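Contents: one structure, followed by commentary.
Keep in mind that this is a model prediction, so the values were computed, not measured.
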Amino acid sequence: MAEILTISSAEVKIGEDDGKVVTVPIASLQFSNPQVGDRVNVFRDGDDFIVRRTETVTGVSEDGARTINKHVFVWVATFMFGAFGIDRFLRGQTALGVFKLLLNTFGWITIVGGFAGWIWDIIDWINAMTKAYGSAYGRVENLTFDEDGNYTK
C-alpha cells in the first residue's frame, strides 16, 4: 500500500512500499480532499495513473493510531450504542468503555444513578459531532485517534 507524501497544486508525490516515490498529476486522484498520510492504491495504465484512497471502516496503524469512518462513529457507535461504551471501545479506551457500560447498566436499575451515565452519553455524542463535523475533520471522511484514544488531526 502506498502513502501520499506531499501535495502541491499540480502534482502529488506518493511513496510506495518498495521505497520508490511516484509523482502523479493531481488529476489522477479518484477522490476529493487528499491529505498527506492518506493510504492509497496506485494503478498504472500505460503512462497514466489512477490513484484511489484505501477505504477502511476501522483500523489500527503501526503506531497505535486508530481510524474510523466519522459517520459510523458518530451515528452508530456514539449515538445508538454509546450507552454500552462502544464509542470508547472503538477509541481504544477499554477501561472507560467498561465503566460507561456499568454506569449505564446501573442507571437502568436505579433511575437516580443513571443520570450521570445519560449525561455522559449526551456529552460524548455532542463532542463527537463537534469534532467530526466541525473544522478539524469537516473535510475528511475518517476520524483518527491516538494510542490513548484522543482525537488527532
Side-chain angles (χ1 to χ4, degrees), residues 1-17 19-43 49-105 107 114-153:
M1 187 178 330
E3 181 178 332
I4 295 178
L5 301 174
T6 62
I7 302 171
S8 70
S9 60
E11 60 188 22
V12 177
K13 292 191 183 216
I14 300 172
E16 295 186 319
D17 288 337
K20 294 180 183 176
V21 176
V22 178
T23 303
V24 300
I26 201 159
S28 299
L29 301 180
Q30 299 294 312
F31 58 94
S32 60
N33 301 318
Q35 303 286 322
V36 172
D38 281 350
R39 300 282 184 174
V40 294
N41 290 321
V42 180
F43 303 97
F49 291 94
I50 299 172
V51 181
R52 291 194 173 163
R53 181 181 288 146
T54 303
E55 294 290 334
T56 58
V57 173
T58 183
V60 179
S61 67
E62 312 82 44
D63 62 353
R66 299 169 182 271
T67 59
I68 186 167
N69 181 283
K70 71 179 181 183
H71 308 296
V72 171
F73 181 77
V74 170
W75 296 108
V76 177
T78 307
F79 181 71
M80 291 178 62
F81 298 110
F84 302 110
I86 300 299
D87 56 333
R88 294 296 178 155
F89 290 120
L90 287 174
R91 289 172 63 172
Q93 298 174 331
T94 308
L96 282 176
V98 170
F99 183 67
K100 191 173 180 182
L101 174 63
L102 292 174
L103 187 64
N104 281 297
T105 302
F115 284 122
W118 298 330
I119 290 170
W120 188 3
D121 295 338
I122 292 169
I123 290 171
D124 272 354
W125 179 60
I126 291 170
N127 189 26
M129 282 187 37
T130 304
K131 295 285 187 174
Y133 298 111
S135 61
Y137 290 96
R139 297 182 183 253
V140 296
E141 288 297 312
N142 292 325
L143 297 173
T144 306
F145 305 104
D146 64 12
E147 63 276 356
D148 295 325
N150 301 314
Y151 290 89
T152 63
K153 180 62 178 148

Fill in the blank from the handout: Of Asp38, Ile14, Val36, the one forming a side-chain contact (heavy atoms from CB on, under 4.5 Å) with Ile7 is Val36
Practice task
Determine yes or no for a side-chain-to-main-chain donor-acceptor pair under 3.5 angstrom, with Asp148 supplying the side chain and Asn150 the backbone.
Solution key: no
Problem - Rounded distance [0.5 Å steps], CG in Asn41 versus CD1 in Ile50 - result: 11.5 Å
Handout entry: Closest approach of Leu143 to Ala132 (non-hydrogen atoms, all atoms of both residues)
Key = CD2-CA, 3.8 Å
Exercise for the section: Determine yes or no for a side-chain-to-main-chain donor-acceptor pair under 3.5 angstrom, with Arg91 supplying the side chain and Gly149 the backbone. Expected result: yes
Exercise for the section: Check Phe73 against Asp87 and note the closest heavy-atom contact, atom names and distance. Expected result: CE1-O, 3.7 Å
Problem - Pairwise distance CZ(Arg53) to CG(Asn142) - rounded to 0.5 angstrom - result: 7.0 Å
Practice task
Using a 4.5 Å cut-off on heavy atoms from C-beta on, say whether the side chain of Asp121 contacts that of Trp118.
Solution key: yes
Practice task
Rounded to the nearest 0.5 Å, what's the gap from NZ on Lys131 to NZ on Lys70? Could you check?
Solution key: 13.5 Å
Problem - Residue pair Phe145 / Ile68, side-chain heavy-atom distance below 4.5 Å - result: yes
Handout entry: Minimum side-chain heavy-atom gap Phe89-Val98 below 4.5 Å
Key = yes
Handout entry: Val51 side chain near Val12 side chain, heavy-atom distance below 4.5 Å
Key = no
Completion exercise
Closest non-hydrogen contact found for Leu103 with Ala116 is CD2-C, 4.0 Å
Problem - Least distance between heavy atoms, Phe49 atom then Thr23 atom - result: CE1-O, 4.3 Å
Exercise for the section: Kindly indicate whether the side chain of Asn104, heavy atoms from C-beta on, has any atom under 4.5 Å from the side chain of Phe84. Expected result: no
Exercise for the section: Locate the shortest heavy-atom distance separating Arg66 from Leu90; write the atom from each residue and the value. Expected result: CD-O, 3.3 Å
Problem - Side-chain heavy-atom pair Trp125, Met80 within 4.5 angstrom cut-off - result: no
Handout entry: Heavy-atom pair with the smallest gap, counting every atom of Ala128 and Val74
Key = O-CG2, 3.7 Å
Exercise for the section: With the side chain counted from C-beta on, respond yes when Lys100 and Leu96 share a heavy-atom pair under 4.5 Å apart, and no when they do not. Expected result: no
